[in-house]
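The next block holds one structure in the form of structure tokens; read it before the comments.
Heavy atoms only: backbone and side chains are in, while hydrogens, waters and symmetry mates are out.
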Amino acid sequence: MKKTAPSPDTSVAAETCLVRCFHPLEINRVRKHLKADGVHLAAAADRFKALGNVKRLTILQALRVTELCVCDIAHLLGLSVAATSQQLRQLRSQGWVVTRSDGKMVYCQLSKTAPLRDLDAVLQLLDSTHVSAPHPVPDTELGDADA
């Protein structure tokens with residue numbers, strides 16, 4: 001019985017090669033590139049760790065709309081002020097958020113430095129893959145606190 005090579009299945013992406021081999025020239029070229037980028041990759045991994053949490057991403061999305069005090073962010077997330085402060089601490093340590101004090105209030109806003117460009121890139125990527133970002137809840141759905 002004659003064996004034939006399996007026909008490529010274009011509907012499913014292969015996760016492994018069907019033949020064990022490697023391309024030494026390509027491997028060496030890539031290794032040189034990775035060595036040069038090693039420090040930058042480690043810094044990027046640390047920075048993007050903060051985005052691995054839905055609550056922190058929600059905070060960043062909310063702060064894209066407006067500056068908010070810690071209490072407002074806690075209410076928005078449905079968390080305690082202490083738990084919200086912990087999330088904000090991680091975002092601040094990675095340069096995503098800055099705070100300012102006004103009397104007894106602490107307000108948060110997005111940093112205007114490099115991480116903001118990173119966030120924009122991530123959100124554009126999500127938009128391009130048709131993953132829906134959370135939409136702000138209209139004030140009418142939140143209820144009126146003064147009522």
Side-chain angles (χ1 to χ4, degrees), residues 8-147:
D9 184 0
T10 57
S11 66
V12 178
E15 292 184 22
T16 61
C17 296
L18 297 176
V19 177
R20 267 210 169 343
C21 69
F22 73 97
H23 304 91
L25 296 176
E26 289 298 311
I27 298 280
N28 286 334
R29 186 170 65 90
V30 171
R31 278 190 179 139
K32 288 177 187 174
H33 181 74
L34 289 176
K35 282 183 183 176
D37 283 348
V39 173
H40 299 295
L41 292 174
D46 279 345
R47 176 174 292 155
F48 283 105
K49 247 191 263 187
L51 301 181
N53 177 288
V54 173
K55 297 293 185 183
R56 289 191 293 269
L57 279 173
T58 302
I59 291 169
L60 293 175
Q61 279 290 77
L63 295 178
R64 288 173 67 83
V65 176
T66 189
E67 175 184 67
L68 293 168
C69 77
V70 175
C71 297
D72 288 340
I73 295 170
H75 184 78
L76 183 68
L77 297 175
L79 296 176
S80 68
V81 172
T84 301
S85 293
Q86 180 66 27
Q87 299 300 327
L88 288 166
R89 188 175 303 115
Q90 291 182 18
L91 291 171
R92 276 194 321 273
S93 72
Q94 296 300 316
W96 292 99
V97 171
V98 295
T99 59
R100 70 175 180 84
S101 295
D102 185 7
K104 294 183 179 183
M105 305 296 291
V106 176
Y107 290 92
C108 303
Q109 61 183 315
L110 289 177
S111 171
K112 295 186 177 25
T113 59
L116 186 56
R117 290 192 304 272
D118 295 341
L119 179 61
D120 287 337
V122 168
L123 293 174
Q124 285 176 1
L125 177 65
L126 291 174
D127 286 343
S128 71
T129 58
H130 304 291
V131 175
S132 298
H135 299 289
V137 178
D139 291 338
T140 55
E141 292 181 27
L142 292 176
D144 188 357
D146 296 331

Restricting to side-chain contact (heavy atoms from CB on, under 4.5 Å), what partner residues turn up for Ile27, sequence neighbours left out?
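In terms of side-chain contact (heavy atoms from CB on, under 4.5 Å), with neighbours along the sequence ignored, Ile27 is linked to Phe22, Arg31.
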Please check this pair: side chain of Ser111 against backbone of Val97, looking for a donor-acceptor N/O pair closer than 3.5 Å.
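Absent.
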Rounded to the nearest 0.5 Å, how far does [atom2] of [Y] lie from [atom1] of [X]?
X	Y	atom1	atom2	value
Ile59	Asn53	CD1	CG	8.0 Å
Leu68	Met105	CG	CE	10.5 Å
Trp96	Leu57	CH2	CG	8.5 Å
Gln90	Leu51	CD	CG	11.5 Å

Pairwise salt bridge (charged side-chain N to carboxylate O under 4.0 Å, His left out) hits with a residue in residues 49-62, at least two apart:
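Every salt bridge (charged side-chain N to carboxylate O under 4.0 Å, His left out) pair that includes a residue of residues 49-62, provided the two are not neighbours, is Asp46-Lys49.
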Kindly list each side-chain donor-acceptor pair under 3.5 angstrom involving residues 76-85, sequence neighbours excluded, with atom names and distances?
unit_1 : atom_1 : unit_2 : atom_2 : d
Ser80  : OG     : Ala83  : N      : 3.0
Thr84  : OG1    : Ser80  : O      : 2.9
Ser85  : OG     : Val81  : O      : 3.0

Show the numbers, then the answer: is there a side-chain contact (heavy atoms from CB on, under 4.5 Å) between Leu88 and Cys108?
CA-CA 9 Å; Leu88 288 166; Cys108 303; 3.8 Å; yes
Arg92: side-chain hydrogen bond (donor to acceptor under 3.5 Å, both in side chains) partners, not counting sequence neighbours
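With neighbours one apart ignored, the set is empty.
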Are any of the side-chain heavy atoms of Leu63 and Ile73 separated by less than 4.5 Å?
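Heavy-atom side-chain distance check passes, below 4.5 Å.
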According to salt bridge (charged side-chain N to carboxylate O under 4.0 Å, His left out), who are the partners of Arg29, at least two apart in sequence or on a separate chain?
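With neighbours one apart ignored, the set is Glu26.
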Scan for side chain to side chain donor-acceptor pair (under 3.5 Å) pairs involving residues 99-108, sequence neighbours excluded, and state none if there are none.
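Residue pairs passing side chain to side chain donor-acceptor pair (under 3.5 Å), neighbours aside: Glu67-Arg100.
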